[in-house]
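Inspection log for the structure reproduced underneath, given as structure tokens.
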Number of protein chains: 2
Amino acid sequence: MTLKEIAKLANVSQGTVDRVVHERGRVSPKTREKILKILKEVNYQPNIYARGLVLNKSYTIAALLPEFEEGEYWELPTVGVLKAARELGHFGINLEILAFDQNSVSSFAEQANQVLKMKPDGVIIAPVINFEAIKLATKLKELKIPFNIIDSRLDIEGALSFVGQDAFQSGKLAAKLLSAEIQGSGIISIISIKNNENHNKTLQKRIDGFKSYFYDSELLSNITLKEHDIDERSKDWITTLSNACSRPNTRGIFVPSSKVHYVARVLEEKQMDIKLVGHDLITNNMEYVKKGVIDYIIGQRPEHQGYIALDDFYKSLIGKTQVTGFKYLPLDIVTKENLMYYHSDLLGIKS
Amino acid sequence: MTLKEIAKLANVSQGTVDRVVHERGRVSPKTREKILKILKEVNYQPNIYARGLVLNKSYTIAALLPEFEEGEYWELPTVGVLKAARELGHFGINLEILAFDQNSVSSFAEQANQVLKMKPDGVIIAPVINFEAIKLATKLKELKIPFNIIDSRLDIEGALSFVGQDAFQSGKLAAKLLSAEIQGSGIISIISIKNNENHNKTLQKRIDGFKSYFYDSELLSNITLKEHDIDERSKDWITTLSNACSRPNTRGIFVPSSKVHYVARVLEEKQMDIKLVGHDLITNNMEYVKKGVIDYIIGQRPEHQGYIALDDFYKSLIGKTQVTGFKYLPLDIVTKENLMYYHSDLLGIKS
DNA sequence: TTGTATGCGTTATCAT
DNA sequence: ATGATAACGCATACAA
């Protein structure tokens, strides 16, 4: 049903109906009521094509994402936003990616400044550098530029949406799987591999979740947890890693990040029969899952995160629908037997 | 860049450019080349709003789906197509659901006839009644009405797309999980619960996949597989089921369908410590996963299947993009620790 | 072979 | 307070 038809039904002009639809006043209460009634009766839905045509607005969304090498974790969310950008470009959503160096606070700050300078209609923030992200978000709030947060939470109110993971729960899930694999007893090593000084909240939450699984149960009597922190920047880190893996009686290893493939390589080379659980379905990890060296990978759909982040702006700016705040994506359990379909799913993303 | 602007660049009229864009001929080769060149240079993308407005076409898609009670499996794909219909209605995609009785061949045939009568622009088929589905698909091919297949494969060429699961692989995955849970030894029961005479291909493939996991490995020496077929229509089937569960030394049970909650109830009532793996995240099953009675549910994203099935018609009919043939959705492993996020994911679907 | 004109449904502006 | 009308970009029928 079109405005014109409704106007005829109400014996008024199209303009009047339009004023009622958009609540712009300047309509007598009587006719307003009459039109409102008809609108409800016929369940008027504006034609989005006509609306899109006449408004012909286009919006620029800035995405502040970490730089990455091919095959690294942050490639995945980036692929997701790019895919969304390709689809939504037709609808007037334009994407501008600003990449920063994860290990450089100043790099983030610099790109954040760029963001402010370009006065975008929305901003997607990967809050890898927590404190700086909060500063940016605060400024955006002042400027009334909507923003949303991707990957990990940020302690700030007022974001359009958050799309990410429940890191604590994913650690807990890892613990459950590893514990079943080692049949509930033995030594488990938690190996964190880092290459900078930043405090990584996600990593820590995963470890907390992992431990909590054992503390909450009576399993701990048969399980010993050991923690290893390894710095990729030290020259003999591979040896340190190797030693950590070779600790006697180690039955299982948990790596709270995508760097689990480094551990897998050690296990494979040394042919050690240790159960291994890690995070994120990056290419390197997939290879080791396929071979059975990594027993389980926990995924959090990073491409979908990227996709949804941009799609939320589309929904909010163009669709004018209410976008709901928190979106924790499912924690996918990926193993040799179902890897193939997660792999091909990445290509489709939305679907 | 608009047609008008391009026309100006080429010193021709809008109509001429349009004829080139749509390859409708009646343009001299010379001007054609000139325009083609410009089109490529500026990477002309038609404004979808304007196009949608002027074409103002709407398409009706018929979906032939099984009837269901609340909480049953087929509710989920139905929810998915309905969700898609709500979103795509704005773009001119209308959905007509025709529900048939899964246990009645004539009911399917009758609804299939309805489908043919209404001459839809596309058909979504749930090939639960295999032979009849093939008959329908054949007729649709003759009539050149595009169709796609949802849930399980159909042995016929020419579908727009197939969206479903790899049933064999999902059985295999179930075997891997169950085998880890029972630590590689003991008796495993495979319990099929049916309520009709139809040969259920999906069930059989899952069972085949399940067995293959053991046959392919050396595990079988420590594992004994027992199969139980239970008919829900027999008056004492609950007793039969109960007996099947109570078989001595049973360490694990596999149910190749969504009816795993029946088994869970027995295990809970009798407080039996048997590991349990089944399929499909229907409400009843979720409850038992939460309680830890069902250890793993393997999901196949039925809502997404429904969503994608309709979305494929949108892409093909309106977006005029090529829709790719086979889509096996990921086999999700759902357990107590990650259930919550799969649950909430159902609400979003697309995202 | 080419150009022109009309209309799709909505928004927004300008008269009345 | 209300009505009339132009414009958005495209497809198409018709005129030249």
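All of these numbers come straight from a predicted model, not from anything done at the bench. Naming convention: chains lettered A, B, ... in sequence-line order (proteins, then strands); numbering from 1 in each chain.
For the pair Y49(B) and V54(A), the minimum side-chain heavy-atom distance is 4.5 Å or more. For the pair T2(A) and N47(A), the minimum side-chain heavy-atom distance is 4.5 Å or more. For the pair L317(A)/I61(A), a side-chain contact is recorded, criterion being any heavy-atom separation below 4.5 Å from C-beta on.
Side chain of Y44(B), nearest nucleotide from dG3(D), dC10(D), dT10(C): dC10(D). Comparing atom distances between the K4(A) side chain and each of dT2(C), dC8(C), dT10(C) picks out dC8(C) as nearest. Closest to the R19(B) side chain, of the nucleotides dC8(C), dT2(C), dC10(D), is dT2(C). For S13(A), whose side chain is taken as the heavy atoms from C-beta onward, the closest listed nucleotide among dC10(D), dG9(C), dA4(D) is dA4(D). Among the nucleotides dT2(C), dA11(D), dG9(D), the one closest to the side chain of S28(B) is dT2(C).
The heavy-atom pair separating I318(B) from F91(B) by the smallest distance is CD1-O, 2.6 Å.
If you take CD of E5(B) and P of dG9(D), they are 7 Å apart, rounded to a whole angstrom. If you measure from atom CG of N56(B) to atom P of dC8(D), you get 21 Å, rounded to the nearest angstrom. As a whole-Å value, the separation of L53(B) CG from dT6(C) C1' is 13 Å. Taking atom NZ of K320(A) as the reference point, atom P of dT10(C) lies 14 Å away to the nearest angstrom. In this structure, the NZ atom of K8(B) is 11 Å from the P atom of dG9(D), given to the nearest Å. In this structure, H22(A) atom NE2 and dT10(C) atom P are separated by 9 Å, rounded to whole Å. Taking atom CG of L55(A) as the reference point, atom P of dC8(D) lies 13 Å away to the nearest angstrom. Between Q14(B) atom CD and dA11(D) atom P there is a gap of 10 Å when expressed in whole angstrom units.
Across all strands, V12(B) comes closer than 4.0 Å only to sugar-phosphate atoms, never to a base (heavy-atom distances). Using a 4.0 Å heavy-atom distance criterion, D18(B) is classed as a base contact. Contacts of V54(B) with the nucleic acid, taken as non-hydrogen atoms under 4.0 Å apart, include base atoms.
Residue R51(B) places none of its side-chain N or O atoms closer than 4.0 Å to OP1 or OP2 of dG9(D). At dT12(D), one or more side-chain N or O atoms of R24(B) fall inside 4.0 Å of OP1 or OP2 (strictly under the cut-off). Taking only side-chain nitrogens and oxygens, T16(B) comes nearer than 4.0 Å to OP1 or OP2 of dG3(C). At the phosphate of dA1(D), neither OP1 nor OP2 sits under 4.0 Å from any side-chain N or O atom of T31(A). Contact between the side-chain N/O atoms of N47(B) and the OP1/OP2 oxygens of dC8(D) is not found at any separation under 4.0 Å.
Judged by closest nucleotide on DNA chain C, L3(A) is the one of R26(A) and L3(A) placed further toward the 5' end.
Between the side chains of E87(A) and Y307(A), at least one donor N or O lies within less than 3.5 Å of an accepting N or O.
Within the model, atoms CG of L82(B) and CD1 of I97(B) stand 4.0 Å from one another, a figure rounded to the nearest 0.5 Å.
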